[in-house]
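A short write-up of the structure that comes next.
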There are 2 protein chains.
Amino acid sequence: MTIEYAILGLLSWKPFSGYDLKKIISESAIYYWSGNNNQIYKTLLQLHQDGWVSQQVINQQFLPARKVYSITPSGNEALQKWLKSLPDLPEFRSVFLIKLEWAELLNDSELDDLLEVYLQELKDGLVIRQEENRREIKTGRSPRETYLWQKIAKKTISVFEDEIEWVEQMRIDLKTIRENQ
Amino acid sequence: MTIEYAILGLLSWKPFSGYDLKKIISESAIYYWSGNNNQIYKTLLQLHQDGWVSQQVINQQFLPARKVYSITPSGNEALQKWLKSLPDLPEFRSVFLIKLEWAELLNDSELDDLLEVYLQELKDGLVIRQEENRREIKTGRSPRETYLWQKIAKKTISVFEDEIEWVEQMRIDLKTIRENQ
DNA sequence: GTAGTCATGTAAGACGTTACATGATTCT
DNA sequence: AGAATCATGTAACGTCTTACATGACTAC
């Protein structure tokens with residue numbers, strides 16, 4: 001389970017409640033999970049049972065009690081071990097690519113429509129990601145960390161920028177192919 | 001279920017057996033599923049029940065019977081409808097990015113090791129993808145399709161190339177950050 | 001009064017992977 | 001002798017999402 005370590009990593013930075021984590025995970029592009037309650041609250045229970053996090057219940061006047069989790073020394077050890085473990089290759093999952101593969105079943109204008117709609121979605125998605133990054137210009141605990149965090153942020157937007165460029169080039173090329181027929 | 005349509009798309013190209021599909025899906029980068037038996041054989045059963053594919057049993061001398069599936073007119077209709085439907089945004093899932101976010105817990109040489117190992121994995125992965133593309137230089141049924149198929153193939157390798165470049169730039173930058181301290 | 005935020009949690013189901021099971025042939 | 005290929009399928013399990021459930025406060 002990698003969400004286990006994703007949460008552990010966040011708690012190594014600051015203590016958070018399940019509710020906080022849910023927000024972070026559902027709003028950040030690098031955390032590719034939906035950020036649903038079930039997964040987060042169950043994972044926190046698991047982490048607590050493993051002794052990797054400790055829980056502090058904070059009662060509130062008119063609101064439900066907050067359960068704030070902090071990383072423990074053994075949790076930190078587990079996180080370190082994971083950080084040093086063999087990294088996984090990234091996965092680029094594009095259902096659009098699968099659609100494109102069978103685009104021969106579409107006529108020229110249908111394909112154009114598909115590309116246009118996709119392009120618009122990408123551009124909207126890019127704006128959302130750019131706003132997400134602007135909202136939190138995170139300063140790290142060291143120049144090295146600040147650099148890495150900026151590099152991560154830039155990566156999430158460059159994936160979209162590259163995809164937009166790729167589609168735009170495709171539209172140009174398709175026009176040329178049609179003219180040469 | 002998108003694997004349903006992924007299989008339907010392949011069958012719109014040529015008839016295939018479950019065994020054939022398993023191979024294609026597990027070896028191709030754009031089909032991001034593992035290509036396990038369970039999923040494929042169950043999906044084919046489903047597609048057959050829906051009347052989207054037809055089955056032809058081919059008995060063989062010393063080998064188990066092959067069940068070859070072909071797309072039906074209603075399957076083709078369903079596929080067309082799917083092709084024209086709203087495309088999903090691509091997902092870039094990188095566990096490495098989550099690791100990098102907490103790399104502050106590693107010292108300089110540990111981070112260097114992580115980057116080096118990751119880079120090596122990426123380079124190995126790139127070679128595998130390049131070989132995959134070289135194995136089948138697919139010619140489409142039209143210049144348009146040939147172009148699209150090449151564009152898809154190039155995309156699967158450019159994702160890796162971009163990632164390699166990104167990591168290499170990071171190594172250079174990290175060296176500079178250390179020297180300026 | 002309707003929707004959103006804060007805050008927890010559970011139930012049901014969809015989706016995906018690993019591993020098991022069979023059995024003959026062919027390659028090293 | 002052992003492993004790989006061809007070819008089907010099932011069982012068990014892990015992961016992930018959607019939807020349900022509660023309840024007070026706040027903003028429009």
Side-chain angles (χ1 to χ4, degrees), chain A residues 1-8 10-11 15-50 53 55-69 82 88-89 91 93 95 98 135, chain B residues 1-8 10-11 15-50 53 55-69 82 88-89 91 93 95 98 135:
Chain A
M1 268 220 300
T2 114
I3 199 166
E4 214 171 326
Y5 291 100
I7 288 176
L8 207 54
L10 284 163
L11 295 179
F16 286 114
S17 70
Y19 189 83
D20 298 330
L21 292 166
K22 179 194 160 93
K23 259 187 141 180
I24 293 167
I25 291 171
S26 59
E27 283 168 21
S28 162
I30 77 157
Y31 300 107
Y32 50 79
W33 302 274
S34 72
N36 65 87
N37 291 353
N38 202 4
Q39 211 176 12
I40 288 161
Y41 288 110
K42 287 246 169 83
T43 304
L44 283 170
L45 209 78
Q46 186 60 52
L47 287 171
H48 195 218
Q49 278 168 3
D50 294 343
V53 300
Q55 197 192 57
Q56 201 196 345
V57 181
I58 296 165
N59 290 301
Q60 296 176 111
Q61 268 206 306
F62 298 108
L63 289 171
R66 270 169 65 84
K67 293 186 178 173
V68 177
Y69 295 88
W82 177 73
D88 298 298
L89 287 176
E91 263 183 88
R93 300 186 172 199
V95 176
I98 299 173
R135 238 181 296 125
Chain B
M1 266 219 305
T2 115
I3 199 166
E4 214 171 325
Y5 292 99
I7 289 176
L8 206 54
L10 283 162
L11 295 179
F16 286 114
S17 69
Y19 189 83
D20 298 331
L21 292 166
K22 179 195 159 93
K23 258 187 143 179
I24 294 167
I25 290 171
S26 58
E27 283 168 21
S28 162
I30 78 157
Y31 300 107
Y32 51 81
W33 303 272
S34 72
N36 65 87
N37 291 353
N38 201 7
Q39 211 176 10
I40 289 162
Y41 289 111
K42 286 245 170 85
T43 305
L44 283 170
L45 208 77
Q46 186 59 51
L47 288 171
H48 194 220
Q49 278 168 2
D50 294 343
V53 300
Q55 196 192 59
Q56 200 195 345
V57 181
I58 295 165
N59 290 302
Q60 297 175 109
Q61 269 206 305
F62 298 108
L63 288 170
R66 270 169 65 84
K67 293 185 179 173
V68 177
Y69 295 88
W82 178 74
D88 298 297
L89 287 177
E91 262 184 89
R93 299 187 173 199
V95 176
I98 298 172
R135 239 180 295 126

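Lettering of chains follows the sequences in order, A, B, ..., and the numbering in each one begins at 1.
- What separates CD1 of A:I24 from P of C:dA7 is a distance of 13 Å, to the nearest Å.
- Counting only heavy atoms from C-beta outward, the side chains of A:I25 and A:I7 approach each other to under 4.5 Å.
- Across D:dC20, D:dC16, D:dT8, the shortest atom-to-atom separation from the side chain of B:S17 is found for D:dT8.
- Distance CD1 (A:I58) to P (C:dA7): 9 Å, rounded to an integer number of Å.
- Closest contact between the side chain of B:Y41 and the listed nucleotides C:dG23, D:dG9, C:dT17 involves D:dG9.
- Between B:D20 and B:R66, at least one side-chain N (NZ, or NE/NH1/NH2) sits under 4.0 Å from a carboxylate O, which counts as a salt bridge.
- Residues A:N36 and B:P64 each lie close to DNA chain C; by heavy-atom proximity, the contact nearer the 5' end of the strand is made by A:N36.
- When heavy atoms are screened at a 4.0 angstrom cut-off, B:K22 is found touching no nucleic acid atom at all.
- Atoms CD1 and OG, on A:I40 and A:S26 in that order, are 7.0 Å from each other to the nearest 0.5 Å.
- Regarding contacts with the backbone of C:dT17, a side-chain N or O of B:Q39 is found under 4.0 angstrom from either OP1 or OP2.
- Residue A:K23 places at least one side-chain N or O under 4.0 Å from the OP1 or OP2 atom of C:dC6.
- Between A:V68 and A:Q55 the shortest side-chain heavy-atom distance does not fall below 4.5 Å.
- Contact check, B:Y19 against D:dT8: no side-chain N or O comes under 4.0 Å of OP1 or OP2.
- Both B:R93 and B:G18 sit near DNA chain D, but only B:G18 has its closest nucleotide nearer the 5' end.
- Between the CZ atom of B:R66 and the C1' atom of D:dT5 there is a distance of 13 Å, rounded to whole Å.
- Across the protein-nucleic acid pair, B:W33 atom CH2 and D:dG14 atom C1' stand 19 Å apart, rounded to whole Å.
- Comparing D:dT18, D:dG23, C:dC20 by their closest approach to the side chain of A:L63 singles out D:dG23.
- To the nearest angstrom, P of C:dC6 lies 14 Å from CZ of A:F16.
- Between the base of D:dT17 and the side chain of A:N38 there is a donor-acceptor pair shorter than 3.5 Å.
- Of the side-chain N and O atoms in A:Q60, none sit less than 4.0 angstrom from OP1 or OP2 of C:dC6.
- Ring geometry for B:Y69 versus B:H48: interplanar angle over 60°, hence perpendicular rather than tilted (30 to 60°).
- Look at CG on B:L44: it is 8 Å from P on D:dG9, rounded to the nearest Å.
- Mapping A:S34 and A:F62 onto DNA chain D by nearest heavy atom places A:S34 closer to the 5' end of the strand.
- Atom CD1 in B:I7 sits roughly 11 Å away from atom P in C:dG16 (whole-Å rounding).
- Between the CG atom of A:N37 and the C1' atom of D:dT22 there is a distance of 12 Å, rounded to whole Å.
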